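Just so it is clear, the model here is predicted, and its values are computed rather than measured.
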Amino acid sequence: LLLEYPDGATPERRALREAFVLRFQQTTGPVQAKGLEDTAFYRQAPLVSINEVGADPSRFGNSPTFFHALNAQRLDRWPGALGTTATHDTKRGEDTRLRINVLSELSEEWKTHLARWSYWNARKKATLNDLAVPDAREEYLLYQNLLGVWPFGGPDDAAPEGLTARLQQYMNKALREAKLNTSWTDPDPSYADAVARFIAEILEGPDAGPFLKNFIPFARRLACVGVVHSLAQTLIKLTSPGTPDVYQGCELWDFSLVDPDNRRPVDYEHRRRLLDQIQARLGSGTSRLDLARALYAEPEDGAIKLYLTWTALNHRRDQAALYAQGNYRPIDADGDLKANVLAFARYREGRSALIVAPRLVSKLMGDDAQTPPVGLSVWGDTRLVLPDLPIPRRWRNLLTDQTIEVRDQDGRATLPLAETFEALPVALLVDEP
């Protein structure tokens, strides 16, 4: 039954095979979850952000070309399928994951920091059965997750309140899921306790200073770059083929770890107040441009992500057919930073939307990540090259209300990224009559 049937196979035999394969997948799903997602993902951690439910850790990222091909296939075969970046079962919050992704852009600096931290913290390890605890793999896992969940702001030389306990809880689960030095069925409390003490020592111990003074600036740099990545991911999810899903609480930043950390109560009233404030500011005469700039300049409360989500979902509601059945077209870029942008168009029956998001921006933001990836000084003459289609000559960015005119350059219609990303590092452009 598992063999491919020849072209002459009867429909009945094909249906039988498909039913068998479906049943096989259903019955092996729990085995895959336990063997891969709940064991291997905690043992192998070269970049833990790719150790995600439904993902393939052997695939270290995808090219924009591959991304566009997947989106086109999705529109063709599963136009209503759910598109999500976080669920109750994901291994890390969607924004935690993107912060960790930044390490792939800063690999040399990451190696340098890792060597320093391991050296400084070596004497804080316990010894059990002549082995240092935690082992190198567990320590590597810990640092990545710590970078992912480090809060905005806070003191410059101390861990924020409650963070130590969260990391201890996470590592206790990670150790038992890995099933190497302890497990759920054969727990070793002494090992788990030693790892918990190590976490407390490096974050709150009397000799935590050297580590934290080096760790915190690097964590804040990743956080600044992560804001850009998070906004890009949110916009892409809300406008790509399929039905976008926003997991509970992810209207704001989601810096959670695996359950039970990602199942903590969500303060929906706080989110309602923030949205009310956004709407009130717009209603009182604040322009979208000024609002977007202000929210992006102070991203700590997550209001910029909420604003982006609210704006994109409103447009998706108003143009439901455009997003549900609209054509999908990749948009190429030209110029020095053409590899740092991802763009695509959705169009249907005279209506169009152009989605533009940056990628690989850490080197564009300076050594301290304090340079926003916006404006002419960053993007220079890099531009989008629009396809030969009946598309608008004038576009309006729904996030800022700025308008951009199409330029004719070397016989091609182009949009300058310096104007597209003039105020925000993401753009949702719609046809402007």
Exercise. Under 3.5 Å, is there a donor-acceptor pair between the side chain of Ser352 and the main chain of Arg348?
Worked result: no
For this session: If the plane angle is over 60° it's perpendicular, under 30° parallel, otherwise tilted; pick one for Phe67 and Phe344.
Result: tilted
For this session: For Thr84 and Asp245, test the side chains for any donor-to-acceptor distance below 3.5 angstrom and give the result as yes or no.
Result: yes
Exercise. Going by distance alone, is a donor N or O of one side chain under 3.5 Å from an acceptor N or O of the other, for Asp89 and Thr87?
Worked result: no
Exercise. In terms of side-chain geometry, is the basic nitrogen of Asp207 or Arg123 positioned less than 4.0 Å from the acidic oxygen of its partner?
Worked result: yes
Problem set entry | Pair Arg221 + Glu109, salt bridge at N-O below 4.0 Å | yes
Exercise. Does Tyr268 OH have over 12 foreign heavy atoms under 6.0 Å away?
Worked result: yes
Exercise. Looking at CG of Leu398 and CG of Leu428, how far apart are the two atoms once the value is rounded to the nearest 0.5 Å?
Worked result: 4.5 Å
For this session: Could you walk me through whether Glu105 and His229 pass side chain to side chain donor-acceptor pair (under 3.5 Å), step by step?
Result: CA-CA 12 Å; Glu105 302 179 45; His229 286 323; 2.8 Å; yes
Exercise. Roughly how far, to the nearest 0.5 Å, is CD1 of Ile100 from CD of Gln144?
Worked result: 6.0 Å
Exercise. Any side-chain donor-acceptor pair under 3.5 Å between Ser240 and Asn71?
Worked result: yes
Exercise. Just wondering, do Pro244 and Leu238 contact through their side chains at under 4.5 Å, heavy atoms?
Worked result: yes
Exercise. Strictly by modelled atom types, are Asn121 and Glu201 linked by a side-chain donor-acceptor pair under 3.5 Å?
Worked result: no
For this session: With the side chain counted from C-beta on, respond yes when Asp38 and Lys91 share a heavy-atom pair under 4.5 Å apart, and no when they do not.
Result: yes
For this session: Compute the centroid of each ring, for Trp150 and then for Phe215, and state whether the two points are separated by less than 6.0 Å.
Result: yes
Exercise. Do the side chain of Thr90 and the main chain of Ala86 share a donor and acceptor less than 3.5 angstrom apart?
Worked result: no
Problem set entry | Ionic contact status for Glu177 with Arg43, cut-off 4.0 Å | no
Exercise. Have Asn145 and Arg92 got a donor and an acceptor in their side chains that come within less than 3.5 Å?
Worked result: yes
For this session: State the CG-OG1 distance between Leu275 and Thr309, to the nearest 0.5 angstrom.
Result: 10.0 Å
For this session: Indicate yes or no: at least one non-hydrogen side-chain atom of Leu415 is less than 4.5 angstrom from one of Leu429.
Result: yes
Exercise. Above 12 or not: heavy atoms from other molecules or residues under 6.0 Å from CG of Asn129?
Worked result: no
Exercise. Under the 3.5 angstrom rule, does the side chain of Asn262 hit a backbone N or O of Gly93 as a donor-acceptor pair?
Worked result: no
Exercise. What do you reckon, is CD of Glu161 surrounded by more than 12 foreign heavy atoms closer than 6.0 Å?
Worked result: no
For this session: For the residue pair Ser230 and Asp95, confirm or rule out a side-chain donor-acceptor distance under 3.5 Å.
Result: yes
For this session: Flag this pair as yes if the NZ/CZ of Arg59 is under 6.0 angstrom from the six-membered ring centre of Phe66 and inside a 45 degree cone about the axis; otherwise no.
Result: yes
Exercise. For the side chain to side chain contact (heavy atoms under 4.5 Å, CB included) test, which of Leu291, Leu289, Leu295 pairs with Arg293?
Worked result: Leu289
Problem set entry | Spacing of OH belonging to Tyr347 relative to CG belonging to Asn327, to within rounding of 0.5 Å | 4.5 Å
Problem set entry | Residues Arg176, Tyr191; criterion side chain to side chain donor-acceptor pair (under 3.5 Å); working and verdict | CA-CA 10 Å; Arg176 295 191 177 191; Tyr191 195 93; over 6 Å; no
For this session: Check the side chains of Ser190 and Asp193 for a donor-acceptor pair under 3.5 angstrom, ignoring hydrogens and angles.
Result: no
Problem set entry | Tyr170 and Tyr42 aromatic ring geometry - parallel, tilted or perpendicular at 30°/60° bounds | tilted
Exercise. Just by distance, with hydrogens left out, do Asn214 and His113 show a side-chain donor and acceptor under 3.5 Å apart?
Worked result: yes
Exercise. Is the closest basic N to carboxylate O distance between Glu94 and Lys305 below 4.0 Å?
Worked result: yes
For this session: Taking the side chain as every heavy atom from C-beta outward, state whether Pro79 and Arg74 have any pair of such atoms under 4.5 Å apart.
Result: no
For this session: Give a yes or no on whether a salt bridge exists between Arg281 and Asp290, defined as a side-chain N under 4.0 angstrom from a carboxylate O.
Result: no
Problem set entry | Test item: side-chain donor near acceptor, Asn181 and Asp188, under 3.5 Å | no
Exercise. Do other residues, nucleotides or ligands put more than 12 heavy atoms under 6.0 Å from Asp368 CG?
Worked result: yes
For this session: Take the angle between the ring planes of Tyr143 and Trp117 and call it parallel below 30°, perpendicular above 60°, tilted in between.
Result: perpendicular
For this session: Verify, without hydrogens or angle tests, whether Asp259 (side chain) and Asp261 (backbone) share a donor-acceptor contact under 3.5 angstrom.
Result: no
Exercise. Side chains of Phe198 and Glu139: does their closest heavy-atom pair fall under 4.5 Å?
Worked result: yes
Exercise. Do Lys179 and Asp186 meet the salt-bridge criterion of a basic N to acidic O distance under 4.0 Å?
Worked result: no
Exercise. Can you tell me how far the CG atom of Asp332 sits from the OG1 atom of Thr414, to the nearest 0.5 Å?
Worked result: 13.0 Å
For this session: Report, as yes or no, whether the 6.0 Å neighbourhood of atom CD on Gln169 holds more than 12 heavy atoms from other residues, nucleotides or ligands.
Result: yes
Exercise. Does the Arg346 side chain pair with the main chain of Thr239, one donor and one acceptor, at a distance under 3.5 Å?
Worked result: yes
Problem set entry | Any side-chain donor near an acceptor of the partner, Ser49 and Asn101, under 3.5 Å | yes
Problem set entry | Gap between atom OG1 of Thr164 and atom CG of Leu203 - 0.5 Å precision | 4.5 Å
Problem set entry | Side chains of Thr85 and Tyr247 in contact at under 4.5 Å (non-hydrogen atoms) | no
Exercise. Mind checking whether Thr371 and Leu364 have side chains closer than 4.5 Å, heavy atoms only?
Worked result: no
Problem set entry | Backbone of Val406 reached by a side-chain donor or acceptor of Arg394 within 3.5 Å | no
Exercise. Ion pair present between Arg220 and Asp156, side-chain N to carboxylate O less than 4.0 angstrom?
Worked result: yes
Exercise. Would you say Thr382's side chain and Trp379's backbone share a donor-acceptor pair under 3.5 angstrom?
Worked result: yes
Exercise. Can you list the residues that meet the ring-ring contact (aromatic ring centres under 6.0 Å, His included) rule with Tyr323, with sequence neighbours excluded?
Worked result: His315
Exercise. Side chains of Tyr328 and His68: is there a donor and an acceptor less than 3.5 Å apart?
Worked result: yes
Exercise. Is there a side-chain contact between Leu342 and Ile236 (heavy atoms, below 4.5 Å)?
Worked result: yes
Problem set entry | Verdict with reasoning, Arg97 to Asp254, per salt bridge (charged side-chain N to carboxylate O under 4.0 Å, His left out) | CA-CA 9 Å; Arg97 199 161 54 237; Asp254 177 21; over 6 Å; no
Exercise. Going by distance alone, is a donor N or O of one side chain under 3.5 Å from an acceptor N or O of the other, for Glu422 and Gln402?
Worked result: yes
For this session: May I ask you to say whether Arg351 pairs ionically with Asp431, meaning some side-chain N is under 4.0 Å from a carboxylate O?
Result: yes
For this session: List the steps, then state whether salt bridge (charged side-chain N to carboxylate O under 4.0 Å, His left out) holds for Arg272 with Glu251.
Result: CA-CA 10 Å; Arg272 291 188 186 98; Glu251 299 86 0; over 6 Å; no
